[in-house]
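Here is the structure we will look at.
Throughout, protein chains are lettered first and strands after them, A, B, ... in sequence-line order, and every chain is numbered starting at 1.
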2 protein chains.
Amino acid sequence: MKKITINDVAKYAGVSKKTISRVLNSEPNVSQDTKTKVHHAIKVLGYQPNPQARALASNQSLLIGLLYASQSNSFVSKIQVGALKRCKNDGYNLIIYPEDHESDLLLENLEKGLINTNLDGLILTPPFSDMKPLLSFLETRQIPFVRVGGDQSLNQHPSVYSNDKEASYEMCRYLISLGHQRIAFIMGHPDHAASKQRLLGYQQALDEASIKPIDDYIQQGFFTFESGEHCARKLLTLSRRPTAIFASNDYMATGIVKVAAQMNLFIPNDLTVTGFDNAPASRYIWPSLTTIKQPITEMAFEAARILIRIIRQKPIENPNIIFKDELIVRESSAPAPKLD
Amino acid sequence: MKKITINDVAKYAGVSKKTISRVLNSEPNVSQDTKTKVHHAIKVLGYQPNPQARALASNQSLLIGLLYASQSNSFVSKIQVGALKRCKNDGYNLIIYPEDHESDLLLENLEKGLINTNLDGLILTPPFSDMKPLLSFLETRQIPFVRVGGDQSLNQHPSVYSNDKEASYEMCRYLISLGHQRIAFIMGHPDHAASKQRLLGYQQALDEASIKPIDDYIQQGFFTFESGEHCARKLLTLSRRPTAIFASNDYMATGIVKVAAQMNLFIPNDLTVTGFDNAPASRYIWPSLTTIKQPITEMAFEAARILIRIIRQKPIENPNIIFKDELIVRESSAPAPKLD
DNA sequence: TCATAAAAAGACACCGGTGTCAATTTCTAA
DNA sequence: TTAGAAATTGACACCGGTGTCTTTTTATGA
């Protein structure tokens with residue numbers, strides 16, 4: 001299965017390669033007749049011009065740089081900094097593909113983008129890390145890739161994880177150690193594999209502490225602020241109100257904080273609220289959130305390292321690396337209030 | 001001033017180009033003697049291998065893709081989505097350069113990165129948009145670039161702005177319309193040109209409303225949460241306490257919200273707080289922040305459009321486009337309380 | 001109908017490196 | 001001293017396109 005080149009197209013269409021080039025670049029002086037022939041040949045053979053050859057011949061890279069301050073602390077920025085640090089070291093550059101993960105055209109877009117860039121490899125972040133159709137697409141295309149985060153059961157592919165379940169477990173242990181018994185949990189978006197892991201950690205901790213699970217204490221959220229608000233309203237109007245709510249991410253936790261304030265519940269004295277992810281907002285809101293910090297930059301760095309080894313066909317010692325999350329205690333958690 | 005190629009180096013060193021290639025890729029079977037000669041020649045001539053030629057010959061792009069969910073609403077993500085939307089359309093790809101803007105090695109890093117990528121152009125975001133040494137570096141290197149945001153007095157270079165001064169002015173008009181007379185202002189980081197513009201808008205609005213400026217009401221912040229806290233403490237302990245505080249960005253505004261809560265001041269009834277930037281946190285905190293939204297994605301899109309025209313040497317109609325910011329009123333602002 | 005111009009298509013070198021294989025030089029051992 | 005092996009170096013094709021110039025075909029007008 002060799003790559004189709006301009007020569008193949010020329011041969012198929014029965015014209016010179018320069019004519020193909022003319023059609024490709026919509027230069028003048030090509031008859032409608034030949035244009036049609038060429039387009040047909042391109043379609044039949046599935047020809048995609050090689051961007052590197054083009055760059056060399058035309059003295060244009062077709063690359064535009066985007067310079068921005070690395071100090072930003074958003075997820076996107078962190079993962080880029082980490083991955084790039086390693087790539088630079090090995091002479092690689094990072095091309096970005098922000099894509100709508102809910103779009104039906106995803107695979108199609110990607111196909112266009114990846115192929116006409118001649119990528120050496122790809123780093124996947126959630127929720128792309130868990131999209132099986134995408135993974136098999138990359139496999140058949142033989143594009144090397146590494147997953148960051150996501151579903152650990154997909155570990156037949158090289159992946160870098162942080163241990164969501166364990167971190168969630170630890171958070172709950174911490175809450176229990178503060179004396180909480182009525183601990184509610186807000187689940188994350190079902191598309192993200194992490195959601196399930198975080199739930200499992202919660203359940204295990206409660207189970208080990210012999211706290212009977214209560215169905216009403218587990219609510220389905222979607223990682224958004226609004227879903228956090230919604231679940232919080234449900235939880236805080238229960239007759240047997242929880243004394244602590246652990247949300248699967250910080251955005252939802254901030255939603256709880258808002259609802260609590262509206263209900264005149266004082267955090268952390270009346271209610272403990274904790275989140276996950278150490279989002280920027282978790283530091284900025286008041287009270288600041290107790291949360292879990294994932295080593296995002298480090299994970300991306302490691303992912304890039306593995307990917308480069310795969311590209312170079314060097315052996316990789318351990319294709320599934322698990323990083324440890326960290327519990328960050330801030331103002332939103334306190335010992336459980338005495339219940340009547 | 002032609003580009004130095006491998007042939008030049010070969011000629012200078014008096015060996016074949018294949019030998020240069022051997023040294024470059026540290027292949028075996030090169031005598032120490034020739035190695036030295038070649039390294040010397042490379043140094044003298046300032047030779048940098050052409051990545052596109054290399055890619056074509058070795059069938060490797062040296063490019064790694066990073067796939068991530070475009071839904072993220074951080075600044076970094078927004079600007080990337082906007083720029084890329086345009087670039088894709090014209091067959092360009094986006095390579096990212098997250099750099100530490102406070103590093104002394106910035107220019108050096110950039111030189112390495114940009115040259116060995118053969119970039120066609122560069123998009124600058126704040127605070128890089130305002131770094132004169134960087135701008136002149138790019139000019140002498142003849143790398144086309146477009147500035148996004150930043151100092152409008154640097155408009156001899158193609159730039160895309162949003163009107164910080166006007167937006168700031170509008171925010172203050174809004175506060176005045178709510179009956180506020182004691183309006184304090186927290187300045188942004190002095191490295192960012194926007195900081196000055198935002199201050200000017202504040203001053204103009206107060207001036208037009210014949211509100212006497214008070215020195216103590218203007219504090220120097222640094223765009224960080226902590227600096228917001230610090231300034232808020234100063235402002236809220238003044239004997240003649242302001243009834244509204246306008247912070248130059250949302251992070252500082254969230255700092256104010258925290259301090260206010262600690263001082264048992266109820267927002268917005270006792271104190272109006274407003275920010276700037278429409279950062280994610282501005283929606284998530286309680287009360288949510290009245291702020292200014294900049295059309296970041298649109299600006300980046302336009303910047304890419306201009307850049308591509310420059311690269312293609314097409315005329316650009318207007319090399320300095322100004323976008324309009326938008327006032328977003330949320331929960332943190334209310335009519336001024338009656339003063340005794 | 002034919003000279004001439006305009007349009008269309010092709011030939012071929014070239015972009016700047018790498019891969020293959022042959023040629024040359026150096027080293028080793030008889 | 002010299003054959004033979006090993007190390008070093010070079011010649012040249014090639015990667016897959018584009019640019020320049022030439023040739024061929026088609027259209028135009030006298």
Side-chain angles (χ1 to χ4, degrees), chain A residues 1-39 41-42 45-63 91 115-120 311-313, chain B residues 2-39 41-42 45-63 91 93 115-120 311-313:
Chain A
M1 165 137 164
K2 236 189 75 241
K3 248 297 198 164
I4 303 293
T5 76
I6 199 171
N7 293 303
D8 303 321
V9 181
K11 206 169 291 172
Y12 187 95
V15 297
S16 74
K17 65 192 231 184
K18 177 65 218 191
T19 298
I20 308 294
S21 169
R22 282 196 182 97
V23 174
L24 244 44
N25 299 288
S26 37
E27 288 174 26
N29 299 335
V30 183
S31 73
Q32 189 51 55
D33 215 44
T34 17
K35 257 185 211 161
T36 319
K37 265 196 304 189
V38 171
H39 279 133
I42 289 177
L45 299 176
Y47 167 66
Q48 297 275 134
N50 177 319
Q52 274 79 33
R54 220 166 181 169
L56 178 57
S58 63
N59 195 27
Q60 290 200 9
S61 68
L62 291 179
L63 256 24
I115 286 191
N116 80 31
T117 321
N118 255 0
L119 231 47
D120 285 343
I311 291 170
R312 302 212 172 131
Q313 312 207 32
Chain B
K2 235 188 75 243
K3 243 306 197 157
I4 302 294
T5 76
I6 200 172
N7 293 304
D8 303 322
V9 180
K11 205 169 291 172
Y12 186 96
V15 296
S16 75
K17 66 193 228 181
K18 177 65 218 191
T19 298
I20 308 294
S21 168
R22 284 197 181 94
V23 174
L24 243 44
N25 300 288
S26 36
E27 288 174 25
N29 299 333
V30 183
S31 73
Q32 189 51 56
D33 216 43
T34 14
K35 258 185 211 161
T36 319
K37 263 197 305 190
V38 172
H39 279 135
I42 289 176
L45 299 176
Y47 167 67
Q48 296 274 133
N50 176 319
Q52 274 80 32
R54 220 166 180 169
L56 177 58
S58 63
N59 196 27
Q60 290 200 8
S61 68
L62 291 180
L63 256 24
N93 279 106
I115 287 189
N116 80 30
T117 320
N118 254 1
L119 230 47
D120 285 343
I311 291 170
R312 302 210 171 134
Q313 311 207 31

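- Taking CD1 of B/I42 as the start and OH of B/Y47 as the end, the distance is 7.0 Å to the nearest 0.5 Å.
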Test side-chain contact (heavy atoms from CB on, under 4.5 Å) applied to A/N25 and A/R54, step by step: CA-CA 11 Å; A/N25 299 288; A/R54 220 166 181 169; 3.2 Å; yes
Show me the protein contacts with nucleotides 21-25 of chain D, counting only N or O atoms at under 3.5 Å.
none

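- With sequence neighbours excluded, the residues forming a side chain to side chain donor-acceptor pair (under 3.5 Å) with A/T34 are A/S31, listed by chain and number.
- Within residues 54-63 of chain A, the residues having any heavy atom closer than 4.0 Å to DNA chain C are, in order of number, A/L56, A/A57.
- You can see that DNA chain C meets the heavy atoms of chain A within a 4.0 Å-exclusive cut from C/dA7 to C/dG16, reading 5' to 3'.
- Residues from residues 28-37 of chain B with heavy atoms under 4.0 angstrom of DNA chain D, sorted by number: B/N29, B/V30, B/S31, B/T34.
- Direction of the helix axis in the helix from C/dT1-D/dA30 to C/dA30-D/dT1 shifts by 40° between the two five-pair termini, rounded to 10°.
- B/L24 CG to B/K18 NZ: the interatomic distance, rounded to the nearest 0.5 Å, is 10.5 Å.
- The side chain to side chain donor-acceptor pair (under 3.5 Å) check on B/T36 picks up nothing, with sequence neighbours excluded.
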Cut-off 3.5 Å, no hydrogens considered: what does the side-chain donor-acceptor table look like for residues 5-15 of chain A, sequence neighbours left out?
from, atom 1, to, atom 2, distance (Å)
A/T5, OG1, A/N7, N, 3.1
A/D8, OD2, A/T5, N, 2.8

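- Taking only distance into account, the side chain of B/K17 never meets the base of D/dG10 through a donor-acceptor pair shorter than 3.5 Å.
- Residue-level contact check: A/N7 touches neither bases nor backbone, having no heavy atom under 4.0 Å from any strand.
- Not a single side chain to side chain donor-acceptor pair (under 3.5 Å) links A/S58 to another residue, sequence neighbours left out.
- Nucleotides of DNA chain D nearest to B/G14 and B/A53 differ in position, and the one nearer the 5' end is that of B/G14.
- With a 4.5 Å cut-off on side-chain heavy atoms, B/L63 and A/D120 do not count as touching.
- To the nearest 0.5 Å, atoms CD1 (B/I311) and OG (A/S61) are separated by 7.5 Å.
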side-chain contact (heavy atoms from CB on, under 4.5 Å), that's the test. Do B/Q32 and B/K37 meet it? Break it down for me. CA-CA 9 Å; B/Q32 189 51 56; B/K37 263 197 305 190; over 6 Å; no
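- One finds a side-chain N or O of B/T19 lying less than 4.0 angstrom from the OP1 or OP2 phosphate oxygen of D/dG10.
- Put simply, CD on B/Q52 and CG on B/L62 are 10.0 Å apart, with the number rounded to the nearest 0.5 Å.
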Would B/N29 and B/R22 count as a side-chain contact (heavy atoms from CB on, under 4.5 Å) if you check the C-alpha gap in whole Å, the side-chain angles of each, and the deciding distance to 0.1 Å? CA-CA 9 Å; B/N29 299 333; B/R22 284 197 181 94; 5.8 Å; no
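- A heavy-atom distance below 4.5 Å is found between the side chains of B/Q48 and B/K3.
- Atom CD1 in B/I6 sits roughly 13 Å away from atom C1' in D/dG10 (whole-Å rounding).
- With sequence neighbours left out, B/A57 forms a side chain to side chain contact (heavy atoms under 4.5 Å, CB included) with no residue at all.
- The CD1 atom of A/I20 sits 9.5 Å away from atom NE2 of A/H39, with the distance rounded to the nearest 0.5 Å.
- Annotation: the span from A/D33 atom CG to A/K35 atom NZ amounts to 11.5 Å, rounded to 0.5 Å.
- In this structure, B/K11 places its NZ atom 20 Å from P of D/dT9, rounding to the nearest Å.
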